Each structure stands twice: as C-alpha cells, then as structure tokens.
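All residue numbers in this chain count up from 1 along the given sequence. Model, not experiment: these values are computed from the prediction.
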Amino acid sequence: MPHQNFASSTPNSNPVAVLPMLSIAPAQVIRSKGCLEQSGAVIARYGHRPLIVGGENSNQLLTERLQPAIAQYQLAIASASYSPDCSEASLTRLQEAVATHQADLIIGTGGGKSLDAAKLLAYRCGLPIITIPTSAATCAAWTALSNIYSDQGAFLYDVPLPKCPDVLILDYDLIQTAPQRTLVAGIGDAIAKWYEASVSSGHSEQTLIIAAVQQARVLRDLLFQKSAQALASPGGEVWQEVVDATVLLAGVIGGLGGAQCRTVAAHAVHNGLTHLLAAHDTLHGEKVAYGILVQLRLEEMLQGNQLAASARQQLLKFYSEIGLPQNLMDLGLETVTLGELYHAAEIACAPNSDIHRLPFTVVPEQLMAAMVSTTAPVESRRSGVDQGGVVKETSEVLDAATA
C-alpha cells in the first residue's frame, strides 16, 4: 500500500480535503526545560480524557511527569502501548483502547514509531493530537506523516496526514533522559535532509522548495559545527540547539518541501534494511546515516561524481567523531549473506521506492555494490562512467566483499 493519499480517504468527503494543502508545522510548539510539568492548561484545552500512546517505559515516564497537570486539571489519563510496532494490527488495538477509554485526545510520546502510531491513530479517530518526544532521534513529533511497519518491524508504506500535530511539547529535561545514542541517531537522520533534498529538488524553481533545500544546507552546517560540542555537554545550550535542529528544523524542511525533497536513496536504504532481522537493533537514524554514504557512493560509481566522493569522505570523518555507522559492520550486519543483502537492495529498488528520485537508474546489483563499499578510498575518475565500467566495478566490489 504505497503512499496513501489522505485526500481520498478523508471522512465525510470534505471538498476542502481534495485541494492542494501544505502541512508545514504544528499549530503550537512549546519548548523549554521542565515545560512538561507546566503543560496542564495546554493539554486541558484539547481534552480531559487523553490516551497516552507510546512504549511501556515512555508511557510510565510521561505519566509520572504529568502528575501535577493531572491533579490540577482533573485529567482522566489512560495509556496504551503501540507494541510490537507501528503496524496495522497495533493501530486496530489502539482504536479499541480509544473507544474503551472514551478518549477525547491522543498524546503521543516516545520515539519515531510511537509518535507515528499516535498521529495516525488521532487522524483515524478524528481526535486532536499532542506529541511529546522522549528523545531527539527523529523529527516525527513535528511531521504530518506516519510510517507503517509489519509486526516484525519491516517498513511497508507511509501515510501522509492532513495536518501536523496540534501541539508539540519539547521538554529538554525529558529529552535528556534518553541515551545519548538517540541524539546521535537524530543527527544522522537530520543531516540526510541536505544530501537527499539537494539531489531530488536542488534544481527546483518553486519558492518553498528552494527554501526547504537551503534550510537543509543550513541544518547540515549547524550539525557539522555543533554536534561534537553538544554531545560533550548534554543538557547545555549547544546541546539544546542540536536537539532543536534534529526535532524542529528537520521537521520544518519536510513541511516546506513536502515528499519531493523529504527522502531519496538514504531513506530507501533504511527501508530495505528493516526487512533484515539483524538490522532491528539499530536505530532509524543510524540506518539513514549509513544510507547517505550509500547514496553518495552510488553517485560516485554511476556518475563519476567527484563532489559526491568528497562529501562521502567528509561524512566519514564526521561520523567517526560522533559515532555514526560507516559500514555494514557498524550496523551489526557483518555476517549478512549476499542473499539477504540482495533482498534488502531489491526492496530499496522497488518501483515505488524513493530511490528513484535519483537522477539516474539504480538496480539492486549496483546498490549492493555501493552498500559494501561505503568506506572505499576515493579514486580519480572521469565524469560520465560508461555502463561497462559500472558493471565491472560492481562485480569487483561484490567479489571482494565475498572473498
């Protein structure tokens, strides 16, 4: 079920729903240290019987921190887990929980998958949605989009939503409770915006897409400049700025640019990897960060692009500094078989995949060659590599990988 169009499934056949619409930002963003404990009035404005949707740990953590709001505004709170994944089966159970609790508001908390489940649940139930991320691993708290997975964690399709969340509450104290690895992953997911948007939409003449691409460049530069310092001083001012970059600014870019500058090969590689059981221990942003290297390697191999080669070397140095994965071994996939790798590459190259936003054709064998050579040294090459050379290099790389 690729790329569901919300306009065709909007309840009551509202004619406004079929008009071109932009979902750029949440209606309200609240951010500061400790703001969660002071958010009771905001929550009560949208409902008094909220259902908290997240993982078991994040649900418990949020419920504890909302105790002052619960007491002051007499909120009747219930919680439900999205486990085992943001899947259709989980959403069916969550809709039953909404009915049982007679919820009038959904509060999504946790990481990307739980927030995606909460957003889609709210839309399907016609309820307002407040997102409260517990980590800075993705921009899911911001966006009008939900990714759907199988119960086993394999990416299936995405669902564009008619609006961003009603409120996003970014409490830096809450974010700081997450492992530092989650922020590192968020940096990987956010920095991909430039490498994907510049390829898919860098030549656009549309005002908002130009703005999105340029913001993606600014986001990349901010992360290059501030990430190492932020990770060295958790909770500090620079750390907060990087959290803003991964959760908020990354969301702005997706809102302004839309699907056409949101994802290209890096996210397609992520989607393929989710179909490998061994990859499930790595975070979304870690797979995406690796996928950026794969995308750049494709540009080197299939276009002879020396700028891509230089960008890959720059990223490898940056990844080394902050701890992002550089190759399959770093993703815990050192024992992956060629058959498994081909399966992931085949999914990443499916007809409806975002990898086809690249300005050249990619087949699974070429993608596999890029996937096993993300740390290859840069070689001087002429532009416009002929197909015979590409086939030869692909064969050589795969032979070396299996030697």
Side-chain angles (χ1 to χ4, degrees), residues 2-3 112 137-138 147 149-150 153-158 184-200 250 259 261-303 305 308-309 311-312 315-316 319 324-334 336-376 394 397-398 401:
H3 303 291
T138 74
N147 290 326
Y149 297 79
S150 70
F155 174 84
L156 299 178
Y157 55 90
D158 58 47
V184 173
I187 292 167
D189 190 33
I191 207 167
K193 292 287 190 291
W194 164 251
Y195 297 94
E196 294 187 295
S198 61
V199 167
S200 66
C261 72
R262 183 183 295 125
T263 58
V264 186
H267 277 80
V269 169
H270 161 274
N271 295 343
L273 289 175
T274 64
H275 289 256
L276 303 182
L277 184 62
H280 288 181
D281 290 334
T282 56
L283 301 177
H284 171 87
E286 293 171 334
K287 297 186 189 74
V288 170
Y290 163 77
I292 303 171
L293 299 176
V294 175
Q295 176 177 308
L296 293 170
R297 185 72 176 124
L298 285 170
E299 294 178 64
E300 292 176 66
M301 294 174 61
L302 303 185
Q303 290 188 308
N305 188 327
R312 182 169 62 87
L315 278 180
L316 287 171
Y319 286 11
L324 281 170
Q326 302 178 41
N327 51 39
L328 289 170
M329 182 178 295
D330 292 343
L331 288 171
L333 298 176
E334 61 271 17
V336 67
T337 67
L338 276 180
E340 291 170 327
L341 193 63
Y342 185 84
H343 179 57
E346 197 172 34
I347 290 169
C349 292
N352 64 336
S353 170
D354 289 327
I355 201 169
H356 302 301
R357 298 186 192 276
L358 289 170
F360 50 84
T361 300
V362 179
V363 298
E365 291 81 4
Q366 293 165 340
L367 182 57
M368 289 174 66
M371 292 172 75
V372 300
S373 62
T374 51
T375 58
T394 299
V397 171
L398 290 177

Self-check item: Contacts of type side-chain hydrogen bond (donor to acceptor under 3.5 Å, both in side chains), residue Ser200, not counting sequence neighbours
Solution: none
Quiz item: Can you tell me if Thr263 uses its side chain to pair, donor with acceptor, with the backbone of Asp354 under 3.5 Å?
Solution: no
Self-check item: Side-chain donor/acceptor of Gln303 to backbone N/O of Glu300, under 3.5 Å
Solution: no
Quiz item: Could you give all pairs that pass the salt bridge (Lys or Arg N to Asp or Glu O under 4.0 Å) test and reach residues 283-293, with sequence neighbours left out?
Solution: Arg181-Glu286
Self-check item: Polar side-chain atom of Tyr319 near backbone of Tyr290 as donor-acceptor pair, under 3.5 Å
Solution: no
Practice problem: For Glu299, check salt bridge (charged side-chain N to carboxylate O under 4.0 Å, His left out) against everything at least two apart and list the hits. | Solution: none
Quiz item: In terms of side-chain heavy atoms, does Ser373 have a donor or acceptor partner in Arg297 at a distance below 3.5 Å?
Solution: yes
Practice problem: Taking side-chain contact (heavy atoms from CB on, under 4.5 Å) as the test, write out the residues that go with Ala190, two or more places apart. | Solution: Leu219, Leu223, Thr246, Ala250
Quiz item: Is a donor on one side and an acceptor on the other found under 3.5 Å between the side chain of Gln326 and the backbone of Thr375?
Solution: no
Quiz prompt | ring pair (Phe, Tyr, Trp, His ring centres under 6.0 Å) partners for His284, two or more places apart | solution = His267, His270
Self-check item: Test item: Thr282 side-chain N/O and Leu331 main-chain N/O as donor-acceptor pair under 3.5 Å
Solution: no
Donor-acceptor pairs under 3.5 Å, side chain of residues 339-349 to any protein atom, not counting sequence neighbours: which ones?
{"residue": "Glu340", "atom": "OE1", "partner": "Thr337", "partner atom": "N", "Å": "2.9"}
{"residue": "Glu340", "atom": "OE1", "partner": "Thr337", "partner atom": "OG1", "Å": "3.4"}

